[in-house]
**Q** 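I'd like to ask you about the structure that follows.
Counting begins at 1 with the first residue of the sequence.
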Amino acid sequence: MNSIYVCFSLKSASFRSDKNELLEKDYQSVYKPVTRFLYSHPDFNFSFQFSGNQINYFKKRKNEFITICRQLVERDQIEILGGGYYDPVLPLLSTVDCNGQIDMLSAEIRPAFGKRPRGISLFADCWDSSLVNPLQTCGIEYVLVDSSSVPQEKRKYLPLIMSNLGKAIEIFPCYDSFRPERETTAKEFVLSVTRNVEKIEKKDKYFQCAPCRIVNINLTHQQMIELIESKFFENLDKYLKNNPNCRIKTTTPLAYKKIESIKVPAYIPCGINGQIAKFIPDAYKYTILNSNNNYNVYDFMDTYPRCHSLLNRIVYMTMLINQYKNDKMRKKAAREKLWQAQSGFGLICTQDGTFSTSKDRQQSYKYLMEAEKILREDGNFKETISSFDYNGDGINEYILRMNNYFAYISLIGGAIQELEILKNTGNYADNLSRILEFDGCNDDYERGLFIDHILSDEQYQNYINGEPSGNGVFSKIKYSEIKFSQSHREITLCAEAVYGTLKQKIYLRKKYIINSDGMNIQYILRNESERKLKIKFGVESNFSHTCFEQENLTYYDLEVADNQDIINIDTKKSVRQLLNKGKLQNVQAIRLTDEQSGVSFGLEPNENAQFFYMPLTIKRPVSKSIYELKNCHMSFVNTFFWDVELEPGMETEKTLNFTITNVKKR
């Protein structure tokens, strides 16, 4: 019988690998014991994937590791796989960025380890047929793809070959089902692989050619630590040597390619890691899928809107950099920051399946703002507001590129859904909405800045008790454009709604007047029903914590001018008790300050208003277990309320002045 080759591959670090303490811990727990084992067991083969940051760290701090790996490469015992330099999600990148990141990592691997990479491992196994051409252009001969993305009838434990637009690339499926656990013995592992391969061989037309089969197994760092602690690899090597008739041998994909030429033709349009796919049908909830995984990274983006928002910003910044013509060196520096922002840790998750966190996304937003800042500093920047379909939802958004900030206004809710300050602080509008299973209630609207609410007295009491607004009047409605003036920097929107059991019709006109340091928001509220309208009109602004860490949490500062008194609010708790005591009923202005980043936000109504504040902490699963919840995000909710009584046909005006100020960091 011909051999069954097993290829163990270790993915790159399961975190955004730019912190030395994390890289050092990872080296001591994973890479050092693995290379020690491989050096002393020359018949055991292995493959590694490194990010660019990891290689740079090894070159600066662990040169002995580079030396040992180079020796192992020279004796064909290990193979170094390629990829994107900053662990990007390659299908989501432009061709220029995709090729650039792959070439940049290959340029690091070749001098460090002595051979250029011939194969590639994808972040979160995100595959798209459009990658065939760029991979070929970059000299990549094969790619590792999760077997769940491969049709069941094509899983022959043989490499696949896929052609697209006249070019072809080999695909090596990786089989999670064979991944050994901590308690798995060498004999159990060998029997499992052998039985499954022989089962396929009996029904396979390729059996007549007697090809050697190959089973690729991708390991995360946590899985690797468990196998090292249980001495699985030592036991497997010993078992294979003591059983010379065993069909199992270890190899690398490149070594296998040299001895076996049979490939199975297949076409794989899209795919994503099978474990991640289980959380796509329903956000953050585990779903059992059939043997074929029909989900992909685009489905993931549709399920997780905050990740999709980050992708929209990346795409927009890619466009700005590609169109920039003034300075080649400045363009190159901006693209470098863009590549850092494209890391999959902000867009999807870590390699071991942990969900993308608010902190990961905010780091990507910071890189993007750094890239934009580099382009702006050439002296040719001009403030602009524009209107186009920014997020690909078929509805135009309003893009604001001002001296001190970048933002966009959505017609859904007529609210600001992205706000980045030029000081590279992150996206202050990167807010999550509550989900019943994790937070105890559903918000049912996208939180942002200048969300409009119409509430009854009862709904108002529920609101200040931390419950959802209840009716979604204006917070969930699509606004219509009345006027858009680039020269005057004005955006006028309107919306109509039916309120309450009496079905009273309300008309709201909302006007944004944009300036370099903020904006003025004017409201005209009109009663178009035949009965008197008595409501509370609220304007809610949610400011995201851009550096949220539950273990080292620093709250923003909040000052409120109430009846000419300045009140310093304890931002760790809601102001509900103050409201119940009759406080904060005549507020003239507030100032919310992020002292860590040195940014202050001022909100000033044109007439005194009731003011409500609440810190909103969001819980989400931190891993594959829905029951393992963790505080992962915080928004600071600031809402102004006015009591409104309007006779039929009458209207009232309310205005908020919003300012952004740079302050001295703490």
Side-chain angles (χ1 to χ4, degrees), residues 413 415 431-436 438-476 497 499-501 506 508 521 523 525 533-545 555-563 565-592 601 603-605 607-619 631 633-645 652 654 656:
N431 297 287
L432 294 175
S433 297
R434 289 175 290 188
I435 298 176
L436 178 63
F438 312 124
D439 306 303
C441 60
N442 288 317
D443 281 323
D444 289 331
Y445 66 94
E446 287 294 317
R447 290 184 175 272
L449 277 67
F450 311 116
I451 300 286
D452 310 320
H453 295 293
I454 300 293
L455 304 178
S456 65
D457 289 338
E458 181 182 355
Q459 290 168 338
Y460 169 75
Q461 288 299 323
N462 291 337
Y463 185 91
I464 66 174
N465 286 330
E467 299 177 21
S469 62
N471 55 40
V473 176
F474 294 122
S475 63
K476 295 173 65 175
Y499 167 74
T501 56
I506 306 173
L508 179 64
I521 302 95
Y523 293 93
L525 190 68
L533 180 67
K534 185 178 180 181
I535 57 169
K536 282 188 177 292
F537 174 57
V539 179
E540 171 187 303
S541 295
N542 301 271
F543 293 90
S544 175
H545 197 305
Y555 285 80
Y556 292 1
D557 293 332
L558 178 61
E559 297 174 294
V560 177
D562 181 28
N563 276 333
D565 294 329
I566 304 299
I567 302 176
N568 291 310
I569 301 296
D570 181 2
T571 52
K572 296 180 180 179
K573 58 184 180 180
S574 164
V575 298
R576 177 170 56 89
Q577 292 184 351
L578 290 176
L579 285 169
N580 292 335
K581 292 178 181 179
K583 301 287 186 181
L584 306 181
Q585 300 297 320
N586 294 285
V587 171
Q588 295 91 39
I590 71 158
R591 183 169 68 179
L592 183 71
F601 303 101
L603 287 167
E604 183 179 356
E607 59 183 69
N608 292 356
Q610 300 168 25
F611 175 71
F612 172 73
Y613 163 83
M614 174 181 69
L616 181 63
T617 303
I618 300 294
K619 295 178 182 292
N631 294 337
H633 173 82
M634 175 173 284
S635 291
F636 300 101
V637 183
N638 299 266
T639 310
F640 287 95
F641 282 103
W642 294 271
D643 292 312
V644 175
E645 292 188 25
T652 185
K654 307 296 178 187
L656 275 176

**Q** N431 and G448: which non-hydrogen atoms are nearest, and at how many Å?
**A**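 So the two residues come closest at ND2-CA, 4.0 Å.
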**Q** Quick check: are there more than 12 heavy atoms from other residues, nucleotides or ligands sitting under 6.0 Å from NZ of K536?
**A**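 Yes, because the 6.0 Å sphere around NZ of K536 holds more than 12 heavy atoms from other groups.
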**Q** Between K476 and D444, is a salt bridge (Lys or Arg N to Asp or Glu O under 4.0 Å) present by the stated rule, with each step listed?
**A** CA-CA 8 Å; K476 295 173 65 175; D444 289 331; 5.2 Å; no
**Q** Under the side chain to side chain contact (heavy atoms under 4.5 Å, CB included) criterion, do N608 and V587 qualify, and how do the steps go?
**A** CA-CA 5 Å; N608 292 356; V587 171; over 6 Å; no
**Q** Could you tell me whether the side chain of I567 reaches within less than 4.5 Å of the side chain of L584, counting heavy atoms only?
**A**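 In short, these two side chains touch, coming nearer than 4.5 Å.
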**Q** Do F641 and H453 make the cut of ring centroids closer than 6.0 angstrom?
**A**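 No, the ring centres sit 6.0 Å or more apart.
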**Q** Are the side chain of Q459 and the backbone N or O of S456 linked by a donor-acceptor pair below 3.5 Å?
**A**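 Such a contact is found between Q459 side chain and S456 backbone.
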**Q** Please test I569 against L578 for side chain to side chain contact (heavy atoms under 4.5 Å, CB included), starting from the C-alpha separation and ending with a verdict.
**A** CA-CA 10 Å; I569 301 296; L578 290 176; 4.0 Å; yes
**Q** Can you list the steps and then say if Y556 with H545 is a ring pair (Phe, Tyr, Trp, His ring centres under 6.0 Å)?
**A** CA-CA 8 Å; Y556 292 1; H545 197 305; 5.1 Å; yes
**Q** To the nearest 0.5 Å, tell me how far N465 CG sits from Y460 OH.
**A**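 So the CG of N465 and the OH of Y460 are separated by 10.0 Å.
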**Q** Could you give the distance from CG (D443) to CD (E467), rounded to the nearest 0.5 Å?
**A**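 If I round to the nearest 0.5 Å, the distance is 11.5 Å.
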**Q** Contact between I618 and F438 at the side-chain level, heavy atoms closer than 4.5 Å - yes or no?
**A**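 Counting from C-beta outward, I618 and F438 never come under 4.5 Å.
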**Q** For Q585 and D562, which I'm curious about, is there any donor-acceptor pair between the side chains at under 3.5 Å?
**A**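 Judged by distance alone, the side chains do not pair up.
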**Q** If you define the side chain from C-beta out and look only at heavy atoms, does anything of L616 sit under 4.5 Å from R447?
**A**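 Counting from C-beta outward, L616 and R447 do come under 4.5 Å.
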**Q** If we ignore angles and hydrogens, is there a donor and acceptor under 3.5 Å between the side chains of T652 and Y523?
**A**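 No, no side-chain donor-acceptor pair sits under 3.5 Å.
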**Q** Mark yes or no for whether T617, through its side chain, and M634, through its backbone, hold a donor-acceptor pair below 3.5 Å.
**A**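 Checked: no pair found.
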**Q** Measure the shortest side-chain to side-chain distance between F601 and F636 over non-hydrogen atoms and say whether it is less than 4.5 angstrom.
**A**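 No, every pair of side-chain atoms sits at 4.5 Å or beyond.
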**Q** Out of curiosity, I454 CD1 to I535 CD1, how far, rounded to the nearest 0.5 Å?
**A**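 Result: 3.5 Å between the selected atoms.
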**Q** Just so I know, are the side chains of V539 and F537 near enough to count as touching, which here means a heavy-atom distance under 4.5 Å?
**A**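 Yes, side chains in contact.
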**Q** Return the minimal non-hydrogen interatomic distance between A415 and L449, and the atom names on each side.
**A**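 Smallest interatomic distance, heavy atoms only, reads CB-O, 3.3 Å.
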**Q** Considering only heavy atoms from C-beta outward, does the side chain of L558 approach that of V560 to under 4.5 Å?
**A**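 L558 vs V560: side chains touch.
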**Q** Indicate the atoms forming the closest heavy-atom contact of G466 with R434, along with that distance.
**A**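 Where G466 meets R434 most closely, the heavy atoms are O-NH1, 2.6 Å.
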**Q** Quick one: does any side-chain atom of Y613 pair with a main-chain N or O of T571 as donor and acceptor, under 3.5 Å?
**A**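 A pair under 3.5 Å: yes.
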**Q** Can you tell if the side chain of N638 reaches within under 4.5 Å of the side chain of F612, non-hydrogen atoms only?
**A**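 Not touching, per the 4.5 Å side-chain cut-off.
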**Q** Is there a donor-acceptor pair under 3.5 Å between the side chain of S635 and the backbone N or O of V637?
**A**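 Answer holds: no.
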**Q** Between the side chains of E540 and N542, does any donor sit under 3.5 Å from an acceptor?
**A**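 Yes, side-chain donor-acceptor contact under 3.5 Å.
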**Q** How about D557 and L592: do any of their side-chain heavy atoms sit closer than 4.5 Å?
**A**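 Side chain of D557 against side chain of L592, heavy atoms only: no contact under 4.5 Å found.
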**Q** Working note: K619 + D439, criterion salt bridge (Lys or Arg N to Asp or Glu O under 4.0 Å); need CA distance, chi angles, decisive distance, verdict.
**A** CA-CA 6 Å; K619 295 178 182 292; D439 306 303; over 6 Å; no
**Q** With rounding to the nearest 0.5 angstrom, report the CG to CZ distance, L525 to F474.
**A**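 Between L525 CG and F474 CZ, I get 6.5 Å after rounding to 0.5 Å.
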**Q** Could you give the distance from OH (Y555) to CG (D570), rounded to the nearest 0.5 Å?
**A**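 So the OH of Y555 and the CG of D570 are separated by 8.5 Å.
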**Q** Under a 3.5 Å distance rule, please check whether Q588 uses its side chain to pair with a backbone N or O of N586 as donor and acceptor.
**A**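 It does hold such a pair.
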**Q** Indicate the ring-plane relationship of F611 and F640, choosing parallel, tilted or perpendicular according to the 30° and 60° boundaries.
**A**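 Ring orientation of F611 relative to F640: tilted.
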**Q** When rounded to the nearest 0.5 angstrom, what distance separates CD1 in I521 from CG in L603?
**A**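 That separation rounds to 7.5 Å.
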